[in-house]
Amino acid sequence: MNRRHFLKQMGFWSAVGLAGPLFHCGQSKRPNVLWIVAEDMSPHWSCYGETTIQTPNIDRLSEQGVQFNQAFVSCPVCSPIRSALISGMYQTKLGAHNHRSQGTSGKKAGEEKYWPSYEVPVKLLPQLFQEAGYFTVLASNDFLEINRPDEPPEQTEQAETNDETQEEKEIKLGKTDYNFVWDRAIYDSNTWADRAEDQPFFAQIQLRGGKYRNAPVDNPVDPAKVDLPPYYPDHPVMREDWARYLNSVLWFDKEVGEIMERLESEGLAENTVVFLYTDHGISHLRGKQFLYDEGIHIPLIARWPGELQAGTKRNDPVTAIDISVSSLNLAGIAIPDYMDGQPLFDPSVQPRSFIAAARDRCDETIECIRCIRTDRYKYIRNYFSNKPHMQPNRYKLGKDITQTMIYLHEQGKLNDLQARIFEPSRPPEELYDLQNDPHEIKNLADDPAHQETLQELAGLHRQWIKETRDMGLFPEPVLEELGLEYGNKYFVLQDPDNLALLDELIRIIEIREQEGDAGLETLVKALDHDSAAVRYRACYEIGNLDSVASAVKVLRPMLEDDSEAVRIAAARALCRAGKPEEGTPVLQNALLNSGNHVIRHHAALFFEDIAPPYAEPYLEDFKTAEQDSYEFVTRVAERLVKNLS
């Protein structure tokens, strides 16, 4: 190697945070790998510029390691991103993109006949570590010794999300919340103290982070000192909630300090790779569940003394699943081909030029949003642009901040920016110049001066959908049946013959968005498509047209379609066409009798979607549906009963 090339390589290693090119050889034994994960927390750490509070333990970790300033999650809600992290794959590729789906118990309890198709089709990260001789650990906040008072109900969420028998609960694992059926044996314990002498470990410590709004910190944040983003009103409830959130950050900093002290006291700190990060952004109206930076931008710090260059700040875009493959890479374990992440500290890997993120169904709320983010621009694609950002959602409606925003909106006390999330519809595309508009306020999608950027990012988005085999465009009721047919949702788009369906589904959506009523004839032709997914979406989009009444004759035969999913989409359209006597009996039958729990869920949502007088005669059926075995059916049914009673 000549001197110029050597210096160039050393400069690159320095830029990515490597202390030197032979970073695996400096250790006499394989490193431990530790993930410290906080829930529901954005980069409100002082090392990231937060000034209202100080986070000295986290700051110390940053000084000792590599801080990533442009780290993002591939989904801003816990179960999809946790599924992505533990598999190293985009959740949309794995079929794990819908929140709390594909399980056998709890909120994810589907019908038993589907359970075999929910089994994870690839080897998960802990299994790969086990096969390499590592001891695998999944710990919760019980791992720590900090005294805690009784926690509010929101903190019990963790207990609901692990599929555990009573016997298994004797060894309490940390939060998993994976959107597939998995083998608990991939975790050896909830503490690395149980490992064999000198055995390396891969450990995760899952902490409540931003959910711990009642954290008993010594000097609570004064709400008057809170700096709220401009898209939230300056109101005491909003200030109080943000202050309590910052208290949770202070508590998390204390927990980080205790974990690092334990590593030091046990002599593990020097040979343990530590990744400190959060599962997604703050739980707020424009944060968690949405693709604005408040939801997807996370803090990320990596520390490995002597191997990762202390004090490095990196500004290249990285995505959370890069943590997964980097953990394998630093441990010297081969990265499987099916993983989508890329090693963060491998000099042979080109840095990303953009990241992609996706949001799909969250709890009972159907959604499909995608985004592409470069260092300067954010492109957002709303595939349900006919709906408001703030659709009914029990989780968010239960928050004081949401109730306050709704009240202020009804009183006309929100400005146009703050009221935007309540608009009855939204633009199909959003484009933001993050350099000049970090709060993502001014949508440039219709600005002639930014059309080249819009088209470039829209093209990257379409390319990403195809290359990663994004299943989120498939209507969930149809995808549920396809999972049964193919043995697992993952295999649906591994079949290359199905890839063309992605373009066709987007085409159907764009016809309604761009042509409106003028596109009715084209949408009607799509009712003859071989794919139930396309027929479903065609029925759905016809139902969104002002001219839907003129399509009654072509919609009627769809009530006899081979696909039950298509039948309920046609029934919704007929109701919106003023023919409830034809549509509502189909919805009623699906709600009460379908063997596909996702069909029952969509039937309930479609009742909520049509005019209240059409749903009124079915009040007793909604009361019956309140007892459904699938929680997301019961949530919609409860709203229907409440609104009609």
Side-chain angles (χ1 to χ4, degrees), residues 30-40 78-79 81-83 85-87 103-106 108 120 123-148 150-151 155-178 180-209 211-212 251-252 254-269 271-279 323-324 327 331:
R30 291 177 295 172
N32 307 306
V33 179
L34 172 62
W35 293 0
I36 305 173
V37 189
E39 293 194 75
D40 296 27
C78 52
S79 71
I81 187 56
R82 289 171 181 275
S83 302
L85 278 159
I86 210 62
S87 66
T104 60
S105 64
K108 297 182 269 188
V120 62
K123 288 184 179 180
L124 300 176
L125 208 67
Q127 185 178 356
L128 295 170
F129 270 101
Q130 283 180 331
E131 291 176 354
Y134 274 69
F135 189 81
T136 58
V137 175
L138 182 59
S140 68
N141 52 276
D142 291 340
F143 181 86
L144 303 171
E145 298 176 357
I146 300 174
N147 292 322
R148 295 179 301 277
D150 291 338
E151 298 173 357
Q155 311 312 321
T156 64
E157 183 177 5
Q158 174 174 306
E160 296 180 279
T161 57
N162 287 337
D163 296 328
E164 299 175 318
T165 65
Q166 191 60 43
E167 181 180 356
E168 289 170 335
K169 288 179 182 177
E170 293 178 7
I171 300 179
K172 184 179 179 182
L173 296 180
K175 184 171 182 176
T176 55
D177 212 7
Y178 307 145
F180 39 70
V181 175
W182 54 284
D183 186 351
R184 198 174 185 274
I186 64 173
Y187 293 113
D188 295 313
S189 178
N190 59 3
T191 173
W192 59 68
D194 293 339
R195 75 193 191 285
E197 186 176 356
D198 291 331
Q199 183 181 13
F201 62 79
F202 166 62
Q204 303 167 59
I205 304 177
Q206 303 287 346
L207 301 172
R208 297 148 299 171
K211 283 187 173 177
Y212 196 20
W251 185 265
F252 176 66
K254 187 176 181 180
E255 292 177 316
V256 170
E258 181 180 326
I259 293 168
M260 296 309 297
E261 286 178 12
R262 176 167 175 175
L263 287 175
E264 290 284 354
S265 67
E266 295 180 6
L268 299 171
N271 197 36
T272 298
V273 182
V274 176
F275 287 96
L276 177 70
Y277 65 96
T278 70
D279 66 349
I323 300 169
S324 310
S327 298

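Values below: every heavy atom of this structure, side chains too, minus hydrogens, waters and symmetry copies.
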Suppose we screen for ring pair (Phe, Tyr, Trp, His ring centres under 6.0 Å). Which residues come up paired with Phe135, at least two apart in sequence or across chains? none
Please check: side-chain N/O of Lys108 versus main-chain N/O of Tyr178, any donor-acceptor pairing under 3.5 Å? yes
Residues in side-chain hydrogen bond (donor to acceptor under 3.5 Å, both in side chains) with Asp183, at least two apart? none
After noting the C-alpha distance and the side-chain angles of Leu263 and Leu34, does the key distance pass the side-chain contact (heavy atoms from CB on, under 4.5 Å) rule? CA-CA 10 Å; Leu263 287 175; Leu34 172 62; 3.8 Å; yes
Going by the rule side chain to side chain contact (heavy atoms under 4.5 Å, CB included), which residues pair with Glu264 if we only count those two or more places apart in sequence or in a different chain? Ala269, Arg303
Testing the basics here: between Leu207 and Ile36, what is the closest heavy-atom pair and its distance to 0.1 Å? CD1-CG2, 4.0 Å
Main chain of Asp142, side chain of Ser140: is a donor-acceptor contact present, judged purely on distance under 3.5 Å? yes
Could you grab the distance from atom CD of Gln204 to atom CG of Leu173, nearest 0.5 Å is fine? 10.0 Å
Heavy atoms of Pro200 and Asn32 approach each other most closely as CA-OD1, 3.2 Å
Could you tell me which residues satisfy salt bridge (Lys or Arg N to Asp or Glu O under 4.0 Å) with Glu266, sequence neighbours excluded, listed by chain and number? Arg262
Identify the heavy atoms of Ala331 and Arg30 that sit nearest to each other, and give their distance. O-CD, 4.5 Å
Going by the rule side-chain hydrogen bond (donor to acceptor under 3.5 Å, both in side chains), which residues pair with Ser79 if we only count those two or more places apart in sequence or in a different chain? His99, Asn179
Nearest-0.5 Å distance, CZ of residue Phe202 to CG of residue Leu138: 9.0 Å
Working to the nearest 0.5 angstrom, can you tell me the gap between Tyr212 OH and Trp251 CH2? 5.0 Å
Of Leu268, Thr191, Val33, Asp194, which meets side-chain contact (heavy atoms from CB on, under 4.5 Å) against Phe201? Leu268
Ser324: side chain to side chain contact (heavy atoms under 4.5 Å, CB included) partners, not counting sequence neighbours: Trp35, Leu85, Leu125
Quick one: OG1 on Thr272 to CE on Met260, what's the gap to the nearest 0.5 Å? 8.0 Å
I need the Trp182 CH2 to Gln127 CD distance, nearest 0.5 Å. 12.0 Å
Quick check: closest heavy atoms across Lys175 and Arg82, and the distance to 0.1 Å? O-NH1, 3.7 Å
Please check if the distance between the ring centroids of Phe143 and Trp192 is under 6.0 Å. yes
Tell me if a side-chain donor or acceptor on Asp40 pairs with a main-chain N or O of Arg208 at a distance below 3.5 Å. no
By side-chain hydrogen bond (donor to acceptor under 3.5 Å, both in side chains) - contacts of Thr136 (at least two apart): Gln130, Asp188
Can you check whether Gly133's main-chain N or O pairs, donor with acceptor, with Gln199's side chain at less than 3.5 Å? yes
